[in-house]
Structure formats: C-alpha cells, structure tokens
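Numbering of ligands and ligand atoms starts at 1, following listing order.
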Amino acid sequence: MTEKNWMDKDSLLQHAEIRKAADCVNAELLERRAYRPSLCDAFRASCTRLQETDRYRFSIDRDAEEQLPSIIQNPVQEILAVDSPDEELQKRTQQRRTIGIVFSGGPAPGGHNVIAGLFDAAIQANPENRLLGFLLGPDGIIENEAIEITEALVDRYRNLGGFTMIKTGRTKIDTPGKMALSKKTCMALGLDALVIVGGDDSNTNAAFLAQEMIDDGIQVIGVPKTIDGDIQVRDAEHQVLCAMSFGFHSAARAFALDIANLCTDCSSDVKYWHICKVMGRVASHLALEVALQTHANITLIGEDLAEYVDKSRIQGAEKKGEVDYTAYGMTLRHLSRVVCDGIVRRAAVGKNYGVIVIPEGVLEFINEIQVFIIKLNTIIADYNHTHDRSFHQAFPSLDDKLDHLRGLARLSRENERFTVWNTRDDDLFNVIPAFFQGGLLSERDAHGNFQFSLVETDKVLMGLVKDYLATLKERGEYKIGIEERYYRKTLSAEGLDPDVYGPALFRNWGEGAHLMVKKSIISLKTLTAELARVGLMKEDGEIPPAVESIYKKSVPNFKTQVHFYGYDGRGSNPTRFDCNYTYNLGWTVFSLIANGATGQMAAMRNLEQSFPNWEPVGVPIASLMHLEERKGKLELVLEKSVVDTQSPAFRVVKALREKWLAAAPGDDDYRSPGPIRFTGKSEEDRPLTLQINSWAQEEPNAP
Ligand code: FBP
C-alpha cells in the first residue's frame, strides 16, 4: 500500500481554503454583522420628542408612592419624529452626553443590539457622545468597572447573541451601601444617564436608582429583557404597552428547533419518550410558545394546572357541609396520572414514544407543593421554637423526619384542633419520590424560605409517572396495541389461525385496528394460563412462538431521554424579530434620555403586530410596581406576568391538545419550525403567541 503524502502542519495552516474553514469568522457571522435592522418611523428624523398620553391607567401601589415620590407621577410617553426641530430641541438632542449601560440577570438574545441601537442613535446626535459599558453586570456599577464602547466593538457584536461584549451578573443593587457605591460611580464617571437592561428585579433597581439620582441630574432608563417572557406590560384596563420582553422569541425558537428534532427522532426510532424541561423560572410562556411551534405530544402549562378544580372533591365536601380547599389546583399525583393517561393511550395505538414538555417552574403552580412548603415551614419553625435541639438535629435522616410527620398525622386524628399535618397530607406526601421529600424537608435558607431552584422538576414528576405506569402495567392496563394486519401475518406465517387465537388473546378482538392484549395477561405464565383455559394449549405445553412474539410486542418498556433546554437557547443568535426589536429599543432609550426622561422603561407598542405598526414608548416603571414577598418580607417589585389562561394563544393550545397527543392510529401532528433563519421569506416576523393573540382581535369574519 502506498503512503499518502499529507502536507506538513505549517503548510496546512497556510492553505487558503483550510485557513478559511478553520477561522472563527464564517458567512453567517459576516451576514449578521452586516445586517442593519429597519428603524421605526419615529426615528426617521434627526430629532424626536416625547408626547405624554393619558390613554393608560395604572393602579398605583401606596408603597410605590411613598418610596418613589419623584417618579411615581411619570406618564406613558409616546416617541414622535420631529421633522423640523426648533433650535432648543436640536440643542437638547445634540448635547454632549456620557451614557452608561449594564446587562443584568441571565443573557437574552438581542442584548448587543440594544447597545448597537443606543450607540448609533447617540453618535448620530453627537459624534462626541460616549457610551460606557459596565462589566459583569451591576457589580461593574458598584465597583466602577467599565469599558468605553467604540464603533469597532459595536460592529463586532451586531445582531449576535449573548451578552459577551460586557458580560452580565445577578447582583442586585438592593442595599443602601450598594446604592451609595453605584451613585458614586455614576458621579465619578460624569454620567448623564444609566441604562439597565434586565428583568423584573433589574427594572425595579432602575426605578430605585432613578429616584436616588434624580436630584443629581442622572437619568435612569430600563429595558425589558428576559427569555422567560414574563415582562409584559398592560395597564389597569389590559391595554398592552409591551407585549413581550426581548430574547423570548429567539430562545423559544431555539428550543423549538431542538424539540422538533426530537419529535422527528422519536417517531423514527419509536422507542423513547423525550422529557424536555424548558426554562422559565416561574411562568410557562416559553413552554406555551414551544407547544405552538412543535405540537409536542404533551405540554404542561403551570398556570393551567393551578386553575384545575377537582369537582368530585368539592361535591363530596359540600355534602358534608364543608369546604375542601385542597380540591383547588392539581396535585402532583393527579398530574402524573394525566401524563400517564396520555402515554397509555398512545401506547394503545402502537405509539410507545413521544415528547413531553415540562416548564422549569411548573412546581410553583402545584398548589399542594406550595401548601406542603408552608406547612413544613411551620412544622420546622414550631419545632425549633419549642425544642433545644433543632428539627434537623433531632431528625437527621429522612426516615426520622417521615416518622415525625406520621406522628403528627396521628395526632390530628386524635385532636381535631391540630390541623397542620393531617392524614391526607401524609398520604399525598408519601407518594412523592424520596429525593423530593428530602428536598422539601431540607434546611431552609437564611430567611426560612424553600429553594425551588434546587429541585429537579422533571425528576419529581417523571418519578411518579414511572411508578404509576408500573402499576398500570401490573394491572394490565398499559399495553402496546398490535396492528391487526401484523398479528394476522405473524400467526398465519406459523400456520396458526388468527381467528382462533384472537378472542383468547385480545380484549377488543374484532373491534379496532389496534388489538389490545387482555388485562389478565401480564406475563408468559398468565398467557399460558389463559391459552390453557380456552383449550388452545396444555398448561405444561409450549406457547406457540408466534403467539409469544405477539405478546412480547404488546409489553411496553417505558424508556426516557431527559433533556434540559435553557442555556443553549439563551445563548442563541437573535431572530430577526429580536434583532429589530432590540435595535429599536436602543434608539428608544436614546430618545428618552435626550428628552429628559427618567424612571422609564423603553418599550415598543404594537409589538404583536407587524413591524410597520411598532411604536416606541417610555413606560413608567414605578406605576408597574407592587408588593411581593421576597426573602420573607414584603418588597416593592415590578410585577411578573404569567400565562393568561384566557388568552387566545393558550386557548388554541388547549383546544389542540388532543390532536397533538395523537393517541389515534395514523401520523403524529408534529410541526417543525426549522432553524432560526436570519433573513429570507420564510422567517416568521414575531412569536406565534403574539401572532395568535393579535389575530384573535380581528373581526370574526375577517379572512
Ligand atoms: P432572567 O430572568 O435574569 O432573564 O433569567 C431567566 C433565566 O434564564 C431563567 O429562565 C432560569 O431559571 C434562570 O435564568 C437561570 O439562572 P442562572 O443563570 O442563574 O442559572
């Protein structure tokens, strides 16, 4: 054999084609960097002005009024183009400024374009304007760590995902000390304005910083960021001011692409159920969008589960003249039954595979879990209050703790005044997997709070699902349906009469295209017994191989592959929607700054409509704040928005649930959204959730 003469290492790396192929700059990167998003009509002129509007009403929180007096009266401000600006407006717009910007919280695709939009707008107004980027999130403000954002730097990151340019962090500016240091930095750098790109907590920070620095003439503007999609702004009359935070669409599309690929894989290999946990710390917006994008077989929506009402429990209690509060909201056990039902029904038509989407925050919506947490917090706190040794010292192992709870349940039977832990609590608690019981009984944080983030949601639910499937299998209720055609072919090939064996083997013989083995047949032994009972074989005889093979095909093996969709989608490149949205948010920020606004959040009205209708606005952050329990005390924060179960998007998903479960003979209804296409006709222009909600407002007879 002759040896090949490969190039040496140096020649290899000098080869033009090889160098190009191995370079980090590729065609996609160049195309992204070169793309210039369209600008909203408001930004076509060299100057803009703000027009206050009283179209929107907010129910103002009294604490917000007290704590944010200087910005609580802020109105909603529409941004309008000014074609012939007077001298004063020109001067104000062109005034030389130094602006600081920071990313806060988890990355979200599009952040770099907020910087690019702000930079371009600022440089257009005055080429001497300076933009400083605080490094590693709010720590950069506290510690005065910032870099100058130059045109070259902006150009490197245009239309690219991540927050790589200046990084991010999760520190909150939530103490007087951190606030004082932040203010010191802004003053030392001579900032005219500070821009905080973040989620609910970060925009809350923005409001408090705006209040703190208003007398120093430093403006603070927030930008709604989070892939979770839970910053959506409506006024008291539900008029939409900001339909969605940026980054949501790109992350949802990235998750949907991967999950759609799993739909293709599992319907090819037909042996796995793919369990897909999808990010979203609390709200299930991402899971909802993924459902619309992929038509996965089962998608859980936390907000929907919370609304479940167990009518039979309520009626039972009513008959006794009682109210059963535990009947409101779905229990974990019930939820696992719902999932099992879907799995069993698909198996019955031969589909022992599928895709389940579980929102990361689903447990927050399980009333029973919330109730457990409150009850266990009380039990642990009461114990610690009255004993010399702490609860965890007194009951070190899980078994010790469970014994203690059992004792409390007994106490409740003997003493009806003791209601903290009753027999039903104990029953429900005992069906939870041991690792989750341990988690729920673990030490609380410094504030006595339970930490949801430490729980593996999918593991909790799927543990219960697997247990119950095993029970159903044992009861003969979980079986794979056998196609009649295949059954006939298999038996005939061995010279057996399918019509003779059919009635002995199947409970629905002659009734359906998929034959279900009788419930009583759950093993080769029970199969032998049944065939012997009807005289088709002797008890000590051999099962005909074709019959045995059919039986074995009917026995399901529930095999899962678990996936977590979070960080990958969070780091994806932005969709064209997010590129355009964030670039225009950057311009909106500059316009708000140039026109003297502070304590406002840059937003885009009509985002649910197509691009030409988008309208930039400034939204008053203080008016959106309310009290929430954080670390055991009530704090003023920006309200998170969860999935509205009355929204058209959710109702569509609910209405199509059965179709997407596809527990019927025939094809699945999977939908593949394809990769995020940055340009091109087939690129959708906004999230399906927003599109459906927007179309649903049209006249009923509209085409
Ligand atoms: P933000 O709200 O800061 O945008 O972050 C959201 C999120 O991506 C959630 O979906 C997820 O639960 C969380 O961040 C993960 O946080 P971490 O980056 O600390 O692991």
Side-chain angles (χ1 to χ4, degrees), residues 102-114 134 136-140 161-164 166-174 196-206 222-233 242 244-256 258-259 276-290 300-303 357-365 445 450-460 563-572 574 578 581-582 585 601 621 624 628 630 637-643 687 689:
V102 68
F103 289 137
S104 179
H112 288 135
N113 270 22
V114 175
F134 287 105
L136 293 164
D139 278 340
F163 285 176
T164 323
I166 53 173
K167 328 290 178 205
T168 185
R170 286 203 181 273
T171 299
K172 293 186 179 85
I173 304 174
D174 54 359
I196 299 188
V197 182
D200 51 342
D201 284 338
S202 314
N203 276 283
T204 299
N205 275 182
V223 181
K225 168 240 69 161
T226 172
I227 62 160
D228 291 2
D230 54 16
I231 302 191
Q232 299 178 8
V233 182
C242 169
M244 191 55 73
S245 51
F246 81 77
F248 168 81
H249 185 225
S250 313
R253 284 289 275 99
F255 299 155
D258 286 347
I259 292 173
C276 306
K277 184 166 83 167
V278 165
M279 251 190 194
R281 196 192 302 268
V282 179
S284 302
H285 297 294
L286 282 165
L288 184 72
E289 179 71 15
V290 165
L300 307 179
I301 301 294
E303 292 81 342
V357 176
I358 303 178
E360 179 188 27
V362 76
L363 291 184
E364 292 247 9
F365 293 96
D445 70 7
F450 176 74
Q451 288 163 286
F452 266 108
S453 55
L454 302 181
V455 177
E456 292 172 86
T457 314
D458 46 317
K459 210 169 146 191
V460 173
H563 314 263
F564 177 39
Y565 293 106
Y567 302 99
D568 49 345
R570 216 167 70 164
S572 98
D578 271 328
Y581 179 19
T582 46
L585 279 178
M601 185 165 78
I621 307 176
L624 310 176
E628 249 180 45
R630 294 282 166 100
V637 289
L638 194 77
E639 195 167 6
K640 263 191 206 308
S641 129
V642 296
V643 170
T689 312

Participant: What is the nearest protein non-hydrogen atom to atom 3 (O) of ligand 1, stated with its residue, atom name and distance?
Facilitator: Gly106 N, 2.8 Å
Participant: Could you work out, for atom 10 (O) of ligand 1, the closest of Asp228, Asp230, Val278, Leu286 by heavy-atom distance?
Facilitator: Asp228
Participant: Is the closest side-chain heavy-atom distance between Lys277 and Val362 below 4.5 Å?
Facilitator: no
Participant: Out of curiosity, is Ala108 lining ligand 1, as in a heavy atom under 4.0 Å away?
Facilitator: no
Participant: Can you find a heavy atom in the side chain of Tyr581 that is under 4.5 Å from one in the side chain of Pro224?
Facilitator: yes
Participant: To the nearest 0.5 Å, what is the distance between NE2 on His285 and CD1 on Ile227?
Facilitator: 12.0 Å
Participant: From Asp578 CG over to Arg253 CZ, what is the distance, rounded to the nearest 0.5 angstrom?
Facilitator: 11.0 Å
Participant: Could you grab the distance from atom CG of Leu624 to atom SG of Cys242, nearest 0.5 Å is fine?
Facilitator: 9.5 Å
Participant: Locate the shortest heavy-atom distance separating Ile259 from Val278; write the atom from each residue and the value.
Facilitator: CD1-CG2, 3.9 Å
Participant: Considering only the protein, which heavy-atom contact is closest to atom 2 (O) of ligand 1, and what is its distance?
Facilitator: Thr226 OG1, 3.3 Å
Participant: Among all protein heavy atoms, pick the one closest to atom 20 (O) of ligand 1 and tell me residue, atom and distance.
Facilitator: Tyr567 OH, 2.6 Å
Participant: Between ligand 1 and Gly105, can you find any atom pair, the residue atom being a heavy atom, that is separated by under 4.0 Å?
Facilitator: yes
Participant: What's the spacing between Asp458 CG and Leu363 CG if we round to 0.5 Å?
Facilitator: 9.5 Å
Participant: May I ask which of Glu360, Lys225, Arg570, Lys640 has a heavy atom nearer to atom 15 (C) of ligand 1 than the others do?
Facilitator: Arg570
Participant: Could you check atom 19 (O) of ligand 1 against the protein and tell me its nearest heavy-atom contact, residue, atom and distance included?
Facilitator: Arg170 NE, 3.0 Å
Participant: For ligand 1, which atoms, with element, lie under 4.0 Å from some heavy atom of Gly280?
Facilitator: 10 (O)
